[in-house]
**Student:** 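Pasting a structure here, questions to come.
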Amino acid sequence: MENMKRTATCGSLRAADDGLTVVLNGWVHRNRDHGGVHFINLRDRYGETQIVVDEDVPAELAELAGSLKFEYCVAVEGVVRKRPDSMINPDMATGEIEISVKKIEILNTCLTLPFMIEDETDSNENARLKYRYLDLRSKGMQERIILRNKVTWAIREYLQGVDFLEIETPTLIKSTPEGARDFLVPSRLHPGKFFALPQSPQLYKQLLMVSGFDKYFQVARCYRDEDARGDRQLEFTQIDMEMSFVSREDVFTVTEGMMGHIFKSTMGIELPVSFERLAYDDAMNLYGSDKPDLRFGLAFRDFAPFVPGSDFSVFKNVLESGGVVKAMVVPGAAAAYSRKKISELEETAKTYGAKGLAWMKVTAEGLDGGVSKFFGDQADAIKSGLEASEGDLILLMAADWKTACNSLGAVRSRLGKDLELIDESQFRFVWIVDFPLFEYNEEEKAWEPAHHMFSMPQDRYLDTFDTDPGPVKGDLYDLVLNGYELASGSIRVHDPELQQRIFNVVGFPKELAEERFGFLLDSFRYGAPPHGGIAAGVDRLVMIMAGKSSIKEVIPFPKNSVGMSPMDESPAVVDEQQVRDLHLRVELPEEKE
RNA sequence: GGAGGCGUAGCGAAGAUGGUUAUCGCGCCGGCCUGUCAAGCCGGAGAUCGCGGGUUCGAGACCCGUCGCUUCCGCCA
């Protein structure tokens, strides 16, 4: 091996290197034996280079070349040769040259592959995860992992440049089961006691503010024991930030600057200097989502004004019981949307709790189909009120406000995809601001924190928030990109008295607060500075940048959708002795046959 | 916890209304081939059709159950 140490990578050689003797190390990507002449594509993470086994090489070398199978790991020595013009491959970065082979050494052989190493695999996801080390060899995965590296690098580069300190916080911490379920870690030294893995470094970063590290960040691994989704894993990575002596504007400025730097330095894309803002109420009312994809329109309108003038009792009843009737005009979709296709949209709405989806079509004469007979005499008013014109499809949703928003929002998202309204090359950021601080839980008949308990009410509610929690807006904000919640943050409470008032509103007992977060509340009594921050999902960011719809595509070793790793088969049963050491007893659920 | 989708060779798929040797592509094995770059050509091996039960003369297909994966709702920011 010593004399076959690589002197170039498979992506580095160009026409200018003509005549150079090189050693390449890599994997056999393709092997095309033409009887006389013979081509091998050698691949490493830098690219691919064509190796030529000329017709006049010694028989032994030709035979060795012929024996190379897919994914053999080899060292190749040869001479860089400029290809004749007619044989240049313009699709290959190294396509101007090839290596005339002089020597081959097999560093390792390879079994028959479970799937081919291609640019993008269409193989079954669990097979890909079981052989993840092979899946990661594909060009697509390599590019995404490299992109991810560039993104985290750019984050550090930017934040260091504006005086942030990267500080680690513990991953064995106290369980605070208010939000998601915690992953628990039993303590061997302390029988019956448990650590938890952090859902976020939230409490620790606030403590760092108390300590005076006024600009902190961390590329933090976080854990939540909840069911997975396309954009959710048990463990995930956040770029976690916190700052002292700031308002939300400062947080926005840093985040915008950081995103700008990430996109500029990794993809050469110039983002706007500052991002659009949308109030939570407006986002919900217009797009039916607190993470709207603004790459397309289809904004909702209020249909309530047209309800009293009609006999349609369904809408009337909903309005009378405090609900809303919303309209979405889909331009030019009347012809394309048959009753059947509309009922598919209705199914989408129903998964979000809607009872149905009403519709009508705009014609030259007036309104047609669906519920049009109830509104025919208001046709002109509806057309002008909704700014609808001939050939448009009008979808109508009547339900309580939240259900109406969510379900019509889901229909909107689906239409965005189905009608191909989305410009996939766009990266559309929007700040969602003015979230409600509290939410009323109808079942529990109690107020709950809409996000968490440590966020500030906006100034104008400081005197009234505990007597009238409903209308209170918090100093809370989300950064949304292309319909994904990319980051979430708030200005925190740093005053113990104010914190206690918030606990009172949400009925969180003082004793429990002391037990759970006593250390944080105590710290606030020692000159805690005003502070706030944000945490952005690295997995989601890279996923969106890479144009993928699952974060598994940008995580080197993800879990599958049932939270297991098909590769190492974790989680797994452990030795009885290990369990005993931890002072635990394991009760298995009844065996299913 | 719930809903939809899927499960056929190592991989990706086809298999109308049930009909006997289960099809195709990639990969694998053997052979041919002097310029390919998803090389090409010829030949070959490889499948208890996820599992269990049922209906039937006959089930990959139909019915019941079950397991697994997957997307979504719930959950979770």
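Numbered from 1 within each chain, the chains take letters A, B, ... in sequence-line order. Side-chain atoms are counted along with the backbone in the values below, which use heavy atoms only and exclude waters and symmetry mates. Every value quoted in this text rests on a predicted model; they were computed, and no experiment measured them.
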**Student:** Can you tell me, in whole Å, how much space there is between the C1' of B:A9 and that of B:A45?
**Tutor:** 11 Å
**Student:** Can you classify the ring geometry of A:Phe429 versus A:Phe275 as parallel (below 30°), tilted (30 to 60°) or perpendicular (above 60°)?
**Tutor:** parallel
**Student:** Go through A:Phe454 and A:Phe517 one step at a time and tell me if the ring pair (Phe, Tyr, Trp, His ring centres under 6.0 Å) criterion holds.
**Tutor:** CA-CA 11 Å; A:Phe454 309 107; A:Phe517 327 107; 5.0 Å; yes
**Student:** Rounded to the nearest angstrom, tell me the gap between atom CG in A:Asp231 and atom C1' in B:U70.
**Tutor:** 15 Å
**Student:** How far does the P atom of B:G50 sit from the matching atom of B:C41, given to the nearest Å?
**Tutor:** 32 Å
**Student:** Both distances under 3.5 Å, Watson-Crick or G-U wobble: report the partner of B:A3, or none.
**Tutor:** B:U71
**Student:** Do A:Arg128 and A:Ser138 get their side chains close enough for a donor-acceptor pair, meaning under 3.5 Å?
**Tutor:** no
**Student:** Considering only atom C1', compute the distance from B:G35 to B:U21 and round it to an integer number of Å.
**Tutor:** 42 Å
**Student:** Reckon A:Lys130 has a side-chain N or O less than 4.0 Å from the OP1 or OP2 of B:G10?
**Tutor:** no
**Student:** Using a distance-only criterion (donor-acceptor N/O pair, under 3.5 Å, no hydrogens), is the base of B:C76 paired with the side chain of A:Arg224?
**Tutor:** no
**Student:** Between atom CD in A:Glu553 and atom C1' in B:U70, what is the gap in whole Å?
**Tutor:** 14 Å
**Student:** Is the ring pair A:Phe508/A:Phe503 parallel, tilted or perpendicular, if the boundaries are 30 and 60 degrees?
**Tutor:** tilted
**Student:** B:C11 P sits how many Å from A:Glu71 CD, rounded?
**Tutor:** 17 Å
**Student:** Could you work out the separation of B:G15 and B:U23 based on their C1' atoms and round it to a whole Å?
**Tutor:** 7 Å
**Student:** Test salt bridge (Lys or Arg N to Asp or Glu O under 4.0 Å) on A:Arg30 and A:Glu48 and set out the steps.
**Tutor:** CA-CA 10 Å; A:Arg30 294 285 188 270; A:Glu48 256 179 67; over 6 Å; no
**Student:** In the structure shown, which nucleotide is the Watson-Crick or G-U wobble counterpart of B:G18, with both distances under 3.5 Å?
**Tutor:** none
**Student:** For A:Gly563 and for A:Asp227, locate the closest nucleotide of RNA chain B by heavy-atom distance; then report the residue assigned to the nucleotide nearer the 5' terminus.
**Tutor:** A:Gly563
**Student:** Under 4.0 angstrom, heavy atoms only, what part of the nucleic acid is A:Glu347 near: base, sugar-phosphate, or nothing?
**Tutor:** nothing
**Student:** For the P atoms, the ones on B:C42 and on B:G60, what distance do you get once it is rounded to whole angstrom?
**Tutor:** 32 Å
**Student:** Identify the nucleotide, in any strand shown, that forms a Watson-Crick or G-U wobble pair with B:G35, with both distances under 3.5 Å; if there is none, say none.
**Tutor:** none
**Student:** Could you check A:Lys559 against A:Ala180 and say which one's nearest nucleotide on RNA chain B is further toward the 5' end?
**Tutor:** A:Lys559
**Student:** Rounded to the nearest Å, what distance is computed from the CG atom of residue A:Asn124 to the P atom of nucleotide B:G50?
**Tutor:** 14 Å
**Student:** May I have the distance from A:Arg229 (atom CZ) to B:U70 (atom C1'), rounded to whole angstrom?
**Tutor:** 12 Å
**Student:** Can you check whether A:Gln199 has a side-chain N or O nearer than 4.0 Å to OP1 or OP2 of B:A77?
**Tutor:** yes
**Student:** Tell me what A:Asp478 touches on the nucleic acid: a base, only sugar-phosphate, or nothing, going by heavy atoms under 4.0 Å.
**Tutor:** nothing
**Student:** For A:Gln233 and B:U70, give me the distance from atom CD to atom C1', rounded to whole Å.
**Tutor:** 14 Å
**Student:** Classify A:Ala450 by what it touches in the nucleic acid, base, sugar-phosphate, or nothing, heavy-atom distance under 4.0 Å.
**Tutor:** base
**Student:** Would A:Arg181 and A:Glu226 count as a salt bridge (Lys or Arg N to Asp or Glu O under 4.0 Å) here? Give the steps.
**Tutor:** CA-CA 6 Å; A:Arg181 266 185 288 270; A:Glu226 298 290 349; 3.1 Å; yes
**Student:** In the strands shown, is B:A47 matched to any nucleotide by a Watson-Crick or G-U wobble pair with both distances under 3.5 Å, and which?
**Tutor:** none
**Student:** B:A39 and B:A47: how far apart are their C1' atoms, nearest whole angstrom?
**Tutor:** 30 Å
**Student:** Taking atom P of B:C11 as reference, at what distance in whole Å does atom CG of A:Asp135 sit?
**Tutor:** 14 Å
**Student:** Would you indicate what A:Gly230 reaches in the nucleic acid, counting non-hydrogen atoms under 4.0 angstrom: base, sugar-phosphate, or nothing?
**Tutor:** sugar-phosphate
**Student:** Kindly determine whether A:Arg144 and A:Glu120 satisfy salt bridge (Lys or Arg N to Asp or Glu O under 4.0 Å), including the steps that lead there.
**Tutor:** CA-CA 11 Å; A:Arg144 289 191 287 279; A:Glu120 291 290 348; 2.8 Å; yes
**Student:** Is it the case that the ring center of A:Phe252 lies less than 6.0 angstrom away from the ring center of A:Tyr477?
**Tutor:** yes
**Student:** Whole angstroms only, please: what is the CD1-P distance between A:Ile551 and B:A77?
**Tutor:** 14 Å
**Student:** Please report the distance separating the P of B:A14 from the corresponding atom of B:C62, rounded so that it comes out in whole Å.
**Tutor:** 15 Å
**Student:** Over all strands shown, is A:Lys69 touching base, sugar-phosphate only, or nothing at heavy-atom distances under 4.0 angstrom?
**Tutor:** sugar-phosphate
**Student:** Hey, mind stepping through A:Lys473 and A:Asp434 against salt bridge (Lys or Arg N to Asp or Glu O under 4.0 Å) and telling me if it holds?
**Tutor:** CA-CA 5 Å; A:Lys473 304 298 184 196; A:Asp434 303 338; over 6 Å; no
**Student:** Heavy atoms from C-beta onward define the side chain here; which of B:C72, B:U70, B:A77 lies closest to that of A:Lys552?
**Tutor:** B:U70
**Student:** Considering only atom P, compute the distance from B:C63 to B:C6 and round it to an integer number of Å.
**Tutor:** 13 Å
**Student:** Quick check on B:A77: is either OP1 or OP2 less than 4.0 Å from any side-chain nitrogen or oxygen of A:Ser200?
**Tutor:** no
**Student:** Using O4'-C1'-N9-C4 for purines and O4'-C1'-N1-C2 for pyrimidines, with syn meaning within 90° of 0, is B:A39 syn or anti?
**Tutor:** anti
**Student:** Quick one, give me the B/S/- string for nucleotides 34-47 of chain B, reading 5' to 3', where B means a protein heavy atom under 4.0 Å from the base and S means that only happens at the primed atoms, P, OP1 or OP2.
**Tutor:** BBBBSB--------
**Student:** Quick check against the 3.5 Å criterion: does A:Asn285 have a side-chain atom that pairs as donor or acceptor with the backbone of A:Asp281?
**Tutor:** yes
